[in-house]
Amino acid sequence: MAERAQRKIPDSSRRSERSRRAIHEAALALIGEVGYAKTTIEGIAARAGVGKQTIYRWWPSKAAVLLEAFLDLTGEPGEAREAGKAGGKGESGPETYAIPDTGDLEADLKLVLRATVDQMNDPRFDVPSRALAAEGIVNLELGTEFVRKLLEPQLQLYVRRLTAAQATEAGGVRRGVDPRIALELLVGPVTHRWMLRTAPLTHEYTDAVVEYALYGLAPRP
């Protein structure tokens with residue numbers, strides 16, 4: 001009897017997790033259907049089947065809801081999905097990710113940027129990331145959190161790979177190059193084309209970006 005009674009006790013943590021996921025899914029769905037401006041806390045709550053007080057208990061604004069929902073959607077940087085798990089679990093426990101290091105920097109960077117534009121071209125990621133980027137321009141707090149939680153971990157993948165390339169003579173990056181500036185030569189053009197929709201994002205384009213960044217524009221001997 002005691003065992004049966006124990007099984008009937010509701011698990012409040014699991015119930016909260018279900019609500020959190022429902023709210024995330026509702027926020028992302030509404031952003032895609034009606035846009036950021038027309039998405040409201042009331043609309044998210046109705047779509048998720050929860051009271052709006054539940055949302056305000058966990059998040060201060062719809063921007064905060066969307067940021068967390070998008071982080072949940074991405075899981076980890078898109079580049080890491082292609083790179084795979086590197087090093088397994090670290091001392092602190094969580095699995096770490098890295099841009100692959102095959103010894104061929106050009107091939108590794110092309111792989112990563114191709115994966116990046118595949119994600120950018122996916123409406124599930126494109127719509128909420130545009131909304132967050134736009135809101136982050138006028139909302140300093142959100143913009144700071146967007147960079148800290150989403151963009152900076154992605155940029156650090158490039159920093160580590162470029163720094164590793166500097167460590168060997170055949171690595172492809174000369175010593176003294178600032179990895180932070182170097183990575184901007186790679187991600188900057190892609191972000192510019194994506195944000196302003198100046199031209200299609202293709203694998204051919206990202207391959208050219210890598211080649212231009214690594215070898216420059218001057219004629220080769």
*Could you tell me which non-hydrogen atom of A164 sits nearest to which non-hydrogen atom of D101, and how far apart they are?*
CB-OD2, 4.1 Å
_Residue pair A182 / V177: nearest heavy atoms and the distance that separates them_ = CB-CG1, 3.9 Å
_Value rounded to 0.5 Å, distance of CG in L186 from CD in E184_ = 10.0 Å
*Out of curiosity, L132 CG to I31 CD1, how far, rounded to the nearest 0.5 Å?*
8.0 Å
_When you measure from the side chain of Q166 to the backbone of V173, do you find a donor-acceptor pair of N or O atoms at a distance under 3.5 Å?_
no
*Do the non-hydrogen side-chain atoms of L150 and E145 ever get within less than 4.5 Å of each other?*
no
*V112 versus T116: any side-chain heavy-atom pair under 4.5 Å?*
yes
*Can you tell me how far CG of L142 sits from OG of S61, rounded to the nearest 0.5 angstrom?*
7.0 Å
*Whether R180 side chain and V159 backbone form a donor-acceptor pair below 3.5 Å*: no
_Could you go through K52 and I44, starting from their C-alpha distance and side-chain angles, then the distance that decides it, and tell me whether this counts as side-chain contact (heavy atoms from CB on, under 4.5 Å)?_
CA-CA 8 Å; K52 67 178 182 179; I44 295 171; over 6 Å; no
*Roughly how far, to the nearest 0.5 Å, is the CD atom of Q53 from the CD1 atom of I55?*
9.0 Å
*For T54 and V50, indicate whether the former's side chain and the latter's backbone hold a donor-acceptor pair under 3.5 Å.*
no
_Side-chain donor/acceptor of K149 to backbone N/O of L71, under 3.5 Å_ = no
*asked:* A side-chain contact here means heavy atoms from C-beta on lying under 4.5 Å apart; do R197 and R130 qualify?
replied: yes
*asked:* Walk me through whether V138 and E135 qualify under side-chain contact (heavy atoms from CB on, under 4.5 Å).
replied: CA-CA 6 Å; V138 296; E135 182 65 14; 4.1 Å; yes
*asked:* Between R193 and L201 (side chain of the first, backbone of the second, donor and acceptor by atom type, cut-off under 3.5 Å), is there such a pair?
replied: no
*Indicate whether any N or O donor in one side chain lies under 3.5 Å from an N or O acceptor in the other, for N121 and W194.*
no
*Same cluster for L67 and L73 if Ile/Leu/Val/Met/Phe/Trp/Tyr side chains link at under 4.5 Å?*
yes
*Smallest separation among heavy atoms of T163 and P179, with atom names*: OG1-CG, 3.7 Å
*asked:* Once rounded to the nearest 0.5 Å, what's the spacing between atom CG of D118 and atom OG1 of T202?
replied: 10.5 Å
*Are there more than 12 heavy atoms of other residues, nucleotides or ligands under 6.0 Å from atom NZ of K110?*
yes
*Can you tell me if CD on E141 sees more than 12 non-hydrogen neighbours from other groups inside 6.0 Å?*
no
_Taking L185 as the starting point, is it possible to reach Y158 by hopping between hydrophobic residues whose side chains are less than 4.5 Å apart?_
no
*Work out which heavy atom in V65 is nearest to a heavy atom in A27; give both atom names and the distance.*
CG1-CB, 3.8 Å
_Atom of P128, atom of P123 and distance for their closest heavy-atom approach_ = CD-O, 3.9 Å
*Looking at side-chain heavy atoms only, is the closest gap between E68 and R20 below 4.5 Å?*
yes
_Quick one, W58 and S16 - any side-chain contact, counting heavy atoms below 4.5 Å?_
yes
*asked:* Measuring only between side-chain heavy atoms, which start at C-beta, is Y205 closer than 4.5 Å to V117?
replied: no
*About how many Å separate CG of L183 and CD of Q154, when rounded to the nearest 0.5 Å?*
11.0 Å
*Under 4.5 Å between any side-chain heavy atoms of I99 and R160, yes or no?*
no
*asked:* Looking at every non-hydrogen atom in both residues, tell me the closest pair between R161 and T102 and how far apart they are.
replied: NH2-N, 4.5 Å
_Can you confirm whether K62 sits close enough to T40 that some side-chain heavy atom of one is under 4.5 Å from a side-chain heavy atom of the other?_
no
*Anything under 30° is parallel, anything over 60° is perpendicular, the rest tilted; go ahead and classify W59 against H24.*
tilted
